[in-house]
Trainee: 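Dumping the structure here so I can ask a few things about it.
The first residue in the sequence is number 1, and the count goes up from there. It should be emphasised that the depicted structure is a prediction, and the values quoted were computed from it without experimental measurement. Hydrogens, waters and symmetry mates play no part in the numbers below; they use all other heavy atoms, side chains included.
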Amino acid sequence: MKTTVISILGTTMDRRGKGETRWDKWRPTISMCQHDDLLIDRLELLFDRRSTSLAKQVREDISQVSPETEVVFHNVNFNEPWDFESVYSSLLDFARAYRFRPSKEQYLVHITTGTHVAQICLYLLTEAGYFPGKLLQTSPAERASNAPGQYQIIDLDLSKYDQIASRFKKEHQEGTAYLKGGIETNNADFNRMIEQLEKVSVRSQEPILITGPTGAGKSQLAQRVYELRKQRGKLEGKLVTVNCATLRGENAMSALFGHKKGAFTGATSDRAGLLKEANSGLLFLDEIGELGLDEQAMLLRAIEDKRFMPFGADSEVSSNFQLIAGTNRDLIQCAKAGQFREDLLARIDLWTYRLPSLKERLEDLEPNLDYELEQFSNKAGYRVSLNKDARTLYLAFGKSPAASWSANFRDLNASITRMGTLADGGRITRNVVAEEIKRLEGKWLTTQHPPNPTTPQLLLEPLLGSAGLNALDYYEQMNLAGIVSVCKASSSMAEAGRKLFDKSRNLKKSNNDSHRVKQLLAKYGLEFSDIQ
């Protein structure tokens, strides 16, 4: 692997001495290239245009002490070299424009030259991942001033620099907002999950498992993780996405791992496969729980060793890919049932994140509504919006127990598409919303089969037993049957609480819907898990 150093030209220290006397002085940029145990293949030298003549002299001197080092010039204009914002902005622009190749090159960021402001900014940008490498610090020898001196390579450990790490808050906030698609969200659990995922995305290359119901946004989140990692120089290849539910038999082996010509009927040419295509990039395996056991075994080997055997081949191939897996299934239960390999599950669930359903984060309905309106407007080529009455009606319905959002954000996207299409002059009115509400109610009614409230015994006897059921007044049976019906149709106690206490919860300063449901059920000796 080649070594590349990124350094700012030292306009004072690199200029020391004139003529041949310059070799009697320690000059930091030249000294980097004089160490026998630090071989620099390329030096990316940053300087202001006013220092071009000095840069040329430094390049000439480096060619004498280290002819194998290529010196590449970059004109970076530090208008105000002692202003943090100006210097940081200039260096950030350089980092974003530079093509990093971490699979082929290792990077060192020299922090000895430049103003103290520039050195601090280089540190911040390196720790934040904009420069994907380590720090290089050089210093002169204690006695012989013309000797190479010493150098130190610093692998940043954030835990040692808590105060300086606070400067990264803005970068982390930007990364978090990026993972959320720029949508302001209010759900505390979702926000905490995204904040941690931002850190994992830029600090780890280990597999990530994203779970959650269909339509919760797993594919979109994987796309944003990929784009964030590429922006921070953590990978250079492309994103390869595959829905494992579409892979069956020989097609699964061939699609994932490739095949050799003649491996099976119809294999008229070699095929590289998706794992090979994802080399140096990111592979997103959506619905990984649908993979067969044979494919799971080969995938485990490919994750651990970065090597696998194409179908019908005599030798292995390699692919250095990063992995995100998605599923709406409970892989732990699948593993217990023998449908998913436990060793593969153990390998891919190092970082596991569950995306909640839209119904579980109704406090985020309004910002997502605005996001969908903006997306539709961009596609339609004209602005589409809701008037005040229409917005109030739609949000009230969307947050009511009648709105199941069974397909999650896909339901919301489809709903906005329909209303936007029917809106005259780009203005969605109350009448358009009322018609859409009827359409959604009809759609959801066909997908839900609530228990018959007139026959509570059919619902309650399996939970309470005959004796327990008969001990309750019919009035209590009816009330409890209603509670149990709502719980059965909810994915969590919090969701059930929002449905059951949809009016009274708005009168409380702090809503603990889960606790209220738990108390209701405990009165009858029941727990939420008994009902699911």
Trainee: For Ala494, does its backbone N or O pair with a side-chain atom of Ser514 as donor and acceptor, under 3.5 Å?
Mentor: yes
Trainee: Is the shortest heavy-atom distance from the side chain of Ser280 to the side chain of Leu235 under 4.5 Å?
Mentor: no
Trainee: Please confirm whether the backbone N or O of Thr352 pairs with a side-chain atom of Asp349, one donor and one acceptor, at under 3.5 Å?
Mentor: no
Trainee: Between atom NZ of Lys488 and atom CG of Leu459, what is the distance when rounded to the nearest 0.5 Å?
Mentor: 6.0 Å
Trainee: Quick check: does any side chain N or O of His259 sit under 3.5 Å from a backbone N or O of Ser269, one acting as donor and the other as acceptor?
Mentor: yes
Trainee: Answer yes or no: does atom CG of Leu422 have more than 12 heavy-atom neighbours from other residues, nucleotides or ligands under 6.0 Å?
Mentor: yes
Trainee: Check this for me, if you would: do Glu206 and Arg347 make a salt bridge, where the nitrogen-to-carboxylate-oxygen distance has to be below 4.0 angstrom?
Mentor: yes
Trainee: Could you tell me whether Asp370 and Arg391 make a salt bridge, using a distance below 4.0 angstrom between a side-chain N and a carboxylate O?
Mentor: yes
Trainee: Using a strict threshold of under 4.0 Å (side-chain N to carboxylate O), is an ion pair present between Glu316 and Arg307?
Mentor: yes
Trainee: Please find the pair of heavy atoms, one from Asn408 and one from Thr214, that lie closest to each other, and give the distance.
Mentor: ND2-O, 2.8 Å
Trainee: Answer yes or no: is there a donor N or O on one side and an acceptor on the other, between the side chain of Lys359 and the main chain of Ala403, under 3.5 Å?
Mentor: yes
Trainee: Ignoring hydrogens, what is the shortest heavy-atom contact between Thr126 and Gly133? Give both atom names and the distance.
Mentor: CG2-O, 3.4 Å
Trainee: So which atom in Glu295 and which in Phe257 form the shortest heavy-atom distance, rounded to 0.1 Å?
Mentor: O-CZ, 3.8 Å
Trainee: Quick one: do Lys499 and Ser490 satisfy side-chain hydrogen bond (donor to acceptor under 3.5 Å, both in side chains)? Show the steps, please.
Mentor: CA-CA 9 Å; Lys499 296 176 181 177; Ser490 304; 3.2 Å; yes
Trainee: If you define the side chain from C-beta out and look only at heavy atoms, does anything of Asp286 sit under 4.5 Å from Phe284?
Mentor: yes
Trainee: Regarding Glu287 and Arg329, does a basic nitrogen lie under 4.0 Å from an acidic carboxylate oxygen?
Mentor: no
Trainee: Heavy atoms, side chains only, cut-off 4.5 Å: are Ile303 and Leu323 in contact?
Mentor: yes
Trainee: Taking Asp411 for the side chain and Ala407 for the main chain, is one N or O donor matched with an acceptor at less than 3.5 Å?
Mentor: yes
Trainee: Has the side chain of Arg232 got a donor or acceptor atom that lies under 3.5 Å from a matching backbone atom of Ala128?
Mentor: yes
Trainee: Tell me yes or no: between the side chains of Arg229 and Gln322, is some donor less than 3.5 Å from an acceptor?
Mentor: yes
Trainee: Main chain of Asn279, side chain of Asn320: is a donor-acceptor contact present, judged purely on distance under 3.5 Å?
Mentor: no
Trainee: Does Arg301 make a cation-pi contact with Phe308 (under 6.0 Å, within 45 degrees of the axis)?
Mentor: no
Trainee: Does Arg430 offer a backbone N or O that forms a donor-acceptor pair with the side chain of Asp389 under 3.5 Å?
Mentor: no
Trainee: Taking salt bridge (charged side-chain N to carboxylate O under 4.0 Å, His left out) as the definition, give me every residue that meets it alongside Arg99, ordered by chain and number, with sequence neighbours left out.
Mentor: none
Trainee: Within the structure provided, determine whether Leu209 and Ile324 are in side-chain contact (heavy-atom separation under 4.5 Å).
Mentor: no
Trainee: Output all residues satisfying side chain to side chain contact (heavy atoms under 4.5 Å, CB included) with Glu105, sequence neighbours left out; order by chain, then residue number.
Mentor: Lys2, Thr4, Arg42, Tyr107
Trainee: Hey, are the side chains of Leu520 and Arg516 touching, using non-hydrogen atoms and a 4.5 Å cut-off?
Mentor: no
Trainee: Is any side-chain heavy atom of Val517 closer than 4.5 Å to one of Cys487?
Mentor: yes
Trainee: Glu441 and Phe397: side chain to side chain contact (heavy atoms under 4.5 Å, CB included), yes or no, with the steps?
Mentor: CA-CA 10 Å; Glu441 286 178 329; Phe397 168 74; 3.8 Å; yes
Trainee: Where do Lys443 and Ser406 come nearest, in terms of heavy atoms and distance?
Mentor: NZ-OG, 3.9 Å
Trainee: What pairs with Asp270 under side-chain hydrogen bond (donor to acceptor under 3.5 Å, both in side chains), at least two apart in sequence or on another chain?
Mentor: Lys260
Trainee: Looking at Asp424, I'd like to know if its CG atom is crowded, meaning that more than 12 non-hydrogen atoms belonging to other residues, nucleotides or ligands lie closer than 6.0 Å.
Mentor: no
Trainee: Over 60° means perpendicular and under 30° means parallel, so classify the ring planes of Tyr382 and Phe376, tilted if in between.
Mentor: perpendicular
Trainee: Just checking, is any N or O donor in the side chain of Gln231 or Glu227 under 3.5 Å from an acceptor N or O on the other one?
Mentor: no
Trainee: If I compare all heavy atoms of Leu179 with all of Ser201, which pair ends up nearest, and what's the gap?
Mentor: CD1-OG, 4.4 Å
Trainee: Should we say atom CZ of Arg410 is surrounded by more than 12 heavy atoms from elsewhere, each under 6.0 Å from it?
Mentor: no
Trainee: Under the 3.5 angstrom rule, does the side chain of Thr417 hit a backbone N or O of Asn413 as a donor-acceptor pair?
Mentor: yes
Trainee: Does any N or O in the side chain of Asp530 come within less than 3.5 Å of the main-chain N or O of Leu526, such that one atom is a donor and the other an acceptor?
Mentor: no
Trainee: Kindly determine whether Leu393 and Ile437 satisfy side chain to side chain contact (heavy atoms under 4.5 Å, CB included), including the steps that lead there.
Mentor: CA-CA 9 Å; Leu393 177 61; Ile437 289 175; 3.9 Å; yes
Trainee: So how far is it from Arg418 CZ to Thr421 OG1, rounded to the nearest 0.5 Å?
Mentor: 9.5 Å
Trainee: Is a donor from one side chain sitting under 3.5 angstrom from an acceptor on the other, for Glu436 and Ser415?
Mentor: yes
Trainee: For Arg439, is there an ion pair with Glu435 - N to carboxylate O distance below 4.0 angstrom?
Mentor: yes
Trainee: Could you check whether Glu236 pairs with Lys104 (Lys NZ or Arg NE/NH1/NH2 to Asp/Glu carboxylate O, under 4.0 Å)?
Mentor: no
Trainee: Side chains of Leu299 and Ile288, heavy atoms from C-beta outward: is any pair under 4.5 Å?
Mentor: yes
Trainee: So does Arg498 pair up with Glu360, basic N to acidic O under 4.0 Å?
Mentor: no
Trainee: Provide the closest heavy-atom pair for Tyr226 versus Gly237 in the form atom of the first, atom of the second, distance.
Mentor: OH-O, 2.8 Å
Trainee: Check step by step if side chain to side chain contact (heavy atoms under 4.5 Å, CB included) holds for Tyr353 and Thr211.
Mentor: CA-CA 6 Å; Tyr353 297 98; Thr211 68; over 6 Å; no
Trainee: Could you tell me whether the side chains of Lys306 and Ser319 share a donor-acceptor contact shorter than 3.5 Å?
Mentor: no
Trainee: Evaluate the side chain to side chain contact (heavy atoms under 4.5 Å, CB included) criterion for residues Leu395 and Leu369: first the C-alpha distance (whole Å), next the side-chain angles of each, then the deciding distance (0.1 Å), finally the verdict.
Mentor: CA-CA 9 Å; Leu395 290 174; Leu369 169 64; 3.9 Å; yes
Trainee: Any luck finding a side-chain donor-acceptor pair between Lys180 and Asn191 under 3.5 Å?
Mentor: yes
Trainee: Can you tell me if Arg361 and Thr185 form a side-chain donor-acceptor pair at under 3.5 Å?
Mentor: no
Trainee: State, yes or no, whether a side-chain contact exists between Glu495 and Val486 at a heavy-atom distance under 4.5 Å.
Mentor: no
Trainee: Can you tell me how far CG of Asn187 sits from CE of Met193, rounded to the nearest 0.5 angstrom?
Mentor: 9.0 Å
